[in-house]
Amino acid sequence: MAVLLNNNGYGNQAWMEELPKLLPNDLPVYEYPNVPDKEDITYALVWDHPKGDLATYPNLKAVLSLGAGVEHLAEDNSLPDDLPIIRLIDPAVADDMAMHSLYWCMNFHRHYHIYQEQQTKKHWERYPCKPAEDFQVGILGLGNIGSVVGQKIAQNGYQTLGWDLSRKTIQGIKTYHGIDQLTDFLQNLDVLVNCLPLTSDTTNMIDGDFLSKMKQGSFLINISRGAIIKDQDLLTKLDKGHIAAAALDAFIEEPLPRDDPFWSHPNVHVTPHMSGATYARSAAKVLVNNINRLEKGEAAFPLYDRQKGF
């Protein structure tokens, strides 16, 4: 038995420091591509691993993602249908994303984005703002990340609403569900935070028609995946002022190309996909706990559902 490790593009050092502390001494960790014998590999801990390679390990029991997303694995058609793919849900990442979202909600609510621009012009002007309890923040997607984000925002006094395809009950959040309730959810929001997973159903979901259902002068925060937003439609709504500003942390192409219009748009705030950093110290515990569960014949959590796409 052995573990394959490949945090492609982000480095393995932190993982190599943490994993041996938690794994049994007789379970070695090999950094891709330096694997002495592929037959030894029973678990693969990977991010953006080369497609087709994982199918060459004959004794592979499960693949564990080193990040919250699993698109890089879902797109690998060479993986056997019965091979478990396990998403990484680290509480520390969810907390990070909640704090990031809260920051931008406060920024837009209190007009800090305007005051920052005014400073460059040496212009002194104050703007009124609603009490937090009258400022509506909507959470699009109430899964493992969205539920934490919503609770953090609600705990800080904002009127918090949430929408998901299926019915959810979360303390402090007024919830909506299903396509039939989407318009009611969107129509009075001051800020929308996108926390949806990327699936065939959510790709380009936030398009011109969707944005038209939001009220004039509202704001958009994206901490999920870039492909959920139809970029040109968002730019059009920003140019018309229907969407006042957007804080975008994820994009269809990353790094964001230098000629992308989001860089230079005056009402777009770009961050380099950093809203939820993966910390090896905490995430390694989650990964090893799942390996231990699998070794005992128990189910790992959360298991990627190929049919649902998340």
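Positions are given from 1 along the sequence. Just so we're clear, the structure is a prediction, and the values are computed from it rather than from any experiment.
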Among all residues two or more places apart in sequence or in another chain, which pass the side-chain contact (heavy atoms from CB on, under 4.5 Å) test with Q232?
L235, T236

In the hydrophobic cluster built from side-chain contacts under 4.5 Å, what are the other members alongside L60?
L4, Y30, Y32, V35, I41, V46, L54, Y57, V63, V70, L73, L79, L83, I85, Y304

Going by side-chain contact (heavy atoms from CB on, under 4.5 Å), name the residues that satisfy it together with R110, two or more places apart in sequence or in a different chain.
Y112, C129

Are S78 and D76 close enough that a side-chain donor and a side-chain acceptor fall under 3.5 Å?
yes

Tell me every residue that passes side chain to side chain donor-acceptor pair (under 3.5 Å) with Q136, counting only those two or more places apart in sequence or in another chain.
Q159

Mind checking who shares a hydrophobic cluster with I252, ILVMFWY linked at side-chain heavy-atom distances under 4.5 Å?
none

By side-chain contact (heavy atoms from CB on, under 4.5 Å) - contacts of N292 (at least two apart):
V288

Which residues share a ring pair (Phe, Tyr, Trp, His ring centres under 6.0 Å) with H72, sequence neighbours left out
W47

Salt bridge K38-D53, side-chain N to carboxylate O under 4.0 Å:
yes

Starting from V191 and following side-chain heavy-atom contacts under 4.5 Å between hydrophobic residues (I, L, V, M, F, W, Y), which residues can be reached?
V93, M97, L102, Y103, W104, M106, F108, F135, V137, I139, L142, I145, V149, I153, Y158, I170, I173, V193, F219, I221, I223

With sequence neighbours excluded, give me every salt bridge (charged side-chain N to carboxylate O under 4.0 Å, His left out) pair touching residues 9-30.
E18-K21

H265 side chain to D239 side chain, donor-acceptor N/O pair below 3.5 angstrom
yes

Give me the ring orientation class for F251 and F262: parallel if the planes are under 30° apart, tilted from 30 to 60°, perpendicular past 60°.
tilted

Tell me which donor-acceptor pairs under 3.5 Å the side chains of residues 175-189 have, and how far apart each pair is, sequence neighbours excluded?
from, atom 1, to, atom 2, distance (Å)
T175, OG1, K168, O, 2.8
Y176, OH, K174, NZ, 3.4
Q181, OE1, H177, N, 3.0

Hydrophobic cluster (4.5 angstrom, side-chain heavy atoms) - remaining members for M99:
none

Sorted by chain and residue number, the side-chain contact (heavy atoms from CB on, under 4.5 Å) partners of N34 (sequence neighbours excluded) come out as none

